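None of these values were measured; they are calculated from a predicted model.
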Amino acid sequence: TFLLNSLVTPPKGRANKPGYIPNLEDSSHYRSKIHIKVGDKFQNSEGKPKTGRTQEKCQGPCISPSNCSQPCAKHFRGEIGFTCNKKQWQKSTETCTSLSVETLFKDSNGASRLSVASAWIPLHVLDFRSPDPIKSVAQGIRKHCPIDYACIIDVVKSSETTSGNIAFIVQLLKNISTDLSDNVTQEKMKSYSEVANHILHPAAISNWAFIPDKNASSDLLQSVNLFARQLHIHNESENIVDELFIQTKGFHLNHDTSEKSFSFSMSMKNATEGILGMVEIPRQELWELQPNASQAIGIAFPTLGAILKEAHLQNVSLPRPINGLVLSVALPERLKEIVLTFEKINKSRNARAQCVGWHSRKRRWDEKACATTLDVKNKVKCRCNYTNVVMSFSILMSPKSVTDKILDYVTCIGLSVSILSLVLCLLIEATVWSRVVVTEISYMRHVCIVNIVVSLLTANVWFIIGSNFNVKAQDYNWCVAVTFFSHFFYLSLFFWMLFKALLIIYGILVIFHRMMKSRMMVIGFAIGYGCPLVIAVTTVAITEPEKGYVRPDACWLNWDNTKALLAFTIPALVIVAVNLIVVLVVAVNTQRPSIGSSKSQDVAIIMRISKNVAILTPLLGLTWGFGIATLIEGTSLTFHIIFAVLNAFQGFFILLFGTISDHKIRDALRMRMSSLKGKSRAAENASLSPTNGSKLMNRG
């Protein structure tokens with residue numbers, strides 16, 4: 001998720017009314033409104049604030065739902081609003097501002113004309129009004145800096161980025177784009193962008209949240225886009241603006257132009273290199289242009305995505321994090337389609353992206369405006385439709401994609417089949433146990449099968465539990481526990497497979513030496529559960545102190561940061577390799593003639609174990625081989641689906657190839673079924689015998 005950290009705490013102070021530019025050129029235009037709110041004991045009838053009482057009111061415990069307000073710091077107009085939340089006052093709004101039309105042009109006029117008569121009036125209850133504040137802004141700029149609008153830059157850049165000042169600057173830019181956008185030159189665009197850059201600084205982002213007008217961020221984007229549309233470029237290609245948090249480029253177009261593109265590289269907070277973005281105009285789109293020359297403008301914002309507030313939409317969880325630059329374009333009307341490439345800010349493997357366009361009227365991201373054509377670890381490619389109301393584009397992070405839904409369905413169905421198969425496998429083993437465990441090796445073979453089934457069944461249950469947890473602060477410790485047990489039991493599955501292979505080696509190479517059943521059990525459980533426990537405990541002990549044990553988006557072993565997943569894949573694939581070697585050894589050794597009947601019986605059992613291992617090992621190895629392939633960037637969806645199918649249906653494979661395919665088990669099942677049928681027939685015949693009939697007659 002894209003978050004800018006280390007944000008500066010908003011300074012004390014705020015504008016009286018958000019987005020409103022008061023006219024202070026003539027003190028006669030001031031109108032002070034003295035008002036007393038119910039319960040506001042910190043204001044007297046003259047409106048004079050009693051600071052001590054106010055501070056007490058907005059501190060300490062409170063009762064929900066209640067509100068509180070206090071005046072801004074010295075030299076700021078406006079007030080700070082608080083809302084009671086969980087019995088504590090929390091700041092909700094702030095309108096403290098030090099900017100005004102008069103301060104914008106103070107240096108140009110040579111002296112400040114702020115009325116000193118208002119010094120005693122409580123600033124938080126003043127309602128600064130002007131007959132026509134918008135015209136005053138336009139008139140001031142036309143009077144003092146009509147060529148480049150540079151006269152307002154120093155005052156804006158020297159102001160603190162309080163919420164009130166941000167709202168003032170947004171309204172200022174909106175007024176300029178509305179009233180002063182005729183004949184926009186490169187110099188005017190630079191000055192305009194310098195002003196916008198000031199409130200797009202990462203240090204200002206936290207203060208945007210306290211602006212009462214929640215449309216301020218979308219107003220800023222719309223204003224910049226409208227102003228840029230009026231820009232006239234002169235050279236073939238121009239780098240017009242190169243500020244830290246806003247870049248503007250442009251070039252000429254005509255229907256004979258080959259494919260054109262803008263490339264942007266913007267610095268991000270906590271990033272060593274710039275984040276890239278590109279806007280391409282396809283050749284077929286350029287053919288639609290008129291013969292006369294036209295132009296294209298591109299604008300890039302690295303921090304605006306963290307500021308933009310979407311209008312509420314039913315069934316949509318807000319905010320939806322942006323994972324790339326916000327790219328705006330101003331194109332000729334005939335151009336309808338563009339191709340955009342975004343470098344991801346969060347390059348986590350699971351940070352999937354959805355291409356979107358900002359709908360300026362609906363004030364929200366519109367998924368229908370774009371289609372995602374490429375989504376790999378580092379970048380996303382989008383094909384978007386450009387209109388007058390959709391001029392800005394970006395990528396949302398981690399929406400539920402069609403790919404995810406397919407994999408979810410496959411996993412859900414596969415796990416259901418797998419769990420049912422494993423339960424059936426245990427029932428079959430319990431039914432035939434007494435008939436199939438005739439020697440030490442056959443006994444240990446079925447002990448292996450039961451423990452493999454139990455391990456996989458338990459691992460699947462933990463997987464289902466883990467899928468219902470979110471990796472949040474309140475669930476994190478549970479997520480670590482779920483991941484630990486899933487890791488442990490999946491490893492146990494493979495280590496019991498390894499013990500099966502060692503059982504084969506024992507049966508073939510050490511056939512004349514008999515080991516006690518109890519000793520074999522100890523060795524089996526030490527390998528099957530002891531080794532996985534050591535690996536799982538070591539993994540969590542090494543990676544968890546740095547919070548690198550689990551993935552940031554799922555309860556499973558981390559890959560991107562600590563490569564903790566290797567603690568599963570390496571042992572699993574090594575065991576697969578060992579088991580395949582053992583199968584080859586068996587194939588060579590069983591070509592020699594048998595010695596003794598007891599050996600022939602054991603060899604037959606060994607061959608059945610080897611056949612079982614020879615089938616299951618490649619299946620398990622193939623499963624996790626595809627699992628590793630899915631970690632490679634840009635892996636085809638086919639690999640993900642094959643891995644999901646093989647992984648989810650492991651229980652079914654064990655039932656099919658580990659139990660049902662064994663003819664001894666099938667024979668034992670037939671005998672068991674025949675025995676049950678024989679007993680039922682005997683009972684039925686006994687109930688219908690003449691002796692029973694005479695007894696019934698006698699009772700009658």
Side-chain angles (χ1 to χ4, degrees), residues 414-415 417-433 436-437 440-463 485-507 517 520-533 535-536 568-569 571-580 582-583 586 605-606 608-624 627 646-662 664-665 668:
L415 278 177
V417 173
S418 183
I419 289 173
L420 289 173
S421 300
L422 293 170
V423 171
L424 183 59
C425 192
L426 289 175
L427 291 174
I428 291 173
E429 286 292 331
T431 303
V432 303
W433 185 269
V436 293
V437 289
E440 288 89 345
I441 292 179
S442 64
Y443 178 84
M444 290 309 300
R445 172 183 181 249
H446 287 277
V447 167
C448 286
I449 291 176
V450 169
N451 281 281
I452 286 171
V453 170
V454 169
S455 296
L456 184 55
L457 182 61
T458 311
N460 286 343
V461 171
W462 280 110
F463 177 85
F485 285 112
S486 298
H487 182 202
F488 170 71
F489 282 107
Y490 275 124
L491 278 177
S492 296
L493 163 68
F494 282 91
F495 274 92
W496 277 106
M497 288 289 293
L498 175 64
F499 183 68
K500 252 191 173 186
L502 297 178
L503 199 63
I504 295 170
I505 295 292
Y506 165 76
K517 189 185 296 183
M520 293 177 74
M521 288 286 286
V522 170
I523 294 173
F525 277 84
I527 293 173
Y529 293 119
C531 293
L533 184 62
I535 294 172
F568 171 70
T569 55
L573 295 182
V574 167
I575 289 171
V576 167
V578 169
N579 284 13
L580 290 176
V582 168
V583 170
V586 170
I605 297 170
I606 293 297
R608 289 203 304 276
I609 300 174
S610 302
K611 189 177 180 181
N612 172 248
V613 171
I615 295 172
L616 281 181
T617 296
L619 274 174
L620 294 175
L622 194 64
T623 297
W624 293 102
L646 292 176
N647 186 42
F649 283 89
Q650 283 181 107
F652 176 73
F653 297 145
I654 289 173
L655 173 67
L656 184 62
F657 300 113
T659 302
I660 295 177
S661 64
D662 189 332
K664 286 285 185 182
I665 293 178

With a 4.5 Å cut-off on side-chain heavy atoms, are [Y] and [X] touching?
X      : Y      : value
Met521 : Met444 : yes
Ile665 : Glu429 : yes
Leu422 : Phe652 : no
Val576 : Met497 : no

Under 3.5 Å, which donor-acceptor pairs link side chains of residues 524-532 to any protein atom two or more places apart or in another chain?
| unit_1 | atom_1 | unit_2 | atom_2 | d |
| --- | --- | --- | --- | --- |
| Tyr529 | OH | Asn451 | OD1 | 2.8 |

Could you tell me the separation between the [atom1] atom of [X] and the [atom2] atom of [Y], rounded to the nearest 0.5 Å?
X      : Y      : atom1 : atom2 : answer
Ile535 : Leu491 : CD1   : CG    : 5.5 Å
His446 : Ile452 : NE2   : CD1   : 12.0 Å
Leu457 : Leu420 : CG    : CG    : 10.0 Å
Arg445 : Leu503 : CZ    : CG    : 10.0 Å
Cys425 : Ile449 : SG    : CD1   : 6.5 Å
Thr569 : Tyr490 : OG1   : OH    : 14.5 Å

Would you please name every residue forming a side-chain contact (heavy atoms from CB on, under 4.5 Å) with [X], sequence neighbours left out?
X      : answer
Ile660 : Leu655
Phe485 : Trp462, Phe489
Val578 : Leu498, Val574, Val582

| remark: On a heavy-atom basis, the closest approach of Thr431 and Leu427 is OG1-O, 2.7 Å

| Partners meeting side-chain hydrogen bond (donor to acceptor under 3.5 Å, both in side chains) with Ser418 (sequence neighbours left out) | Asn460

| message | Once ring-ring contact (aromatic ring centres under 6.0 Å, His included) is applied, do any residues pair with Phe488, and if so which ones, sequence neighbours excluded? | response | none

| request: Using ring-ring contact (aromatic ring centres under 6.0 Å, His included) as the criterion, list what pairs up with Phe499, not counting sequence neighbours. | output: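 With sequence neighbours excluded, Phe499 shows a ring-ring contact (aromatic ring centres under 6.0 Å, His included) to Trp496, given in chain and number order.
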
| request: Any chance you could lay out the side chain to side chain contact (heavy atoms under 4.5 Å, CB included) test for Leu493 and Gln650, step after step, and finish with the verdict? | output: CA-CA 11 Å; Leu493 163 68; Gln650 283 181 107; 4.1 Å; yes

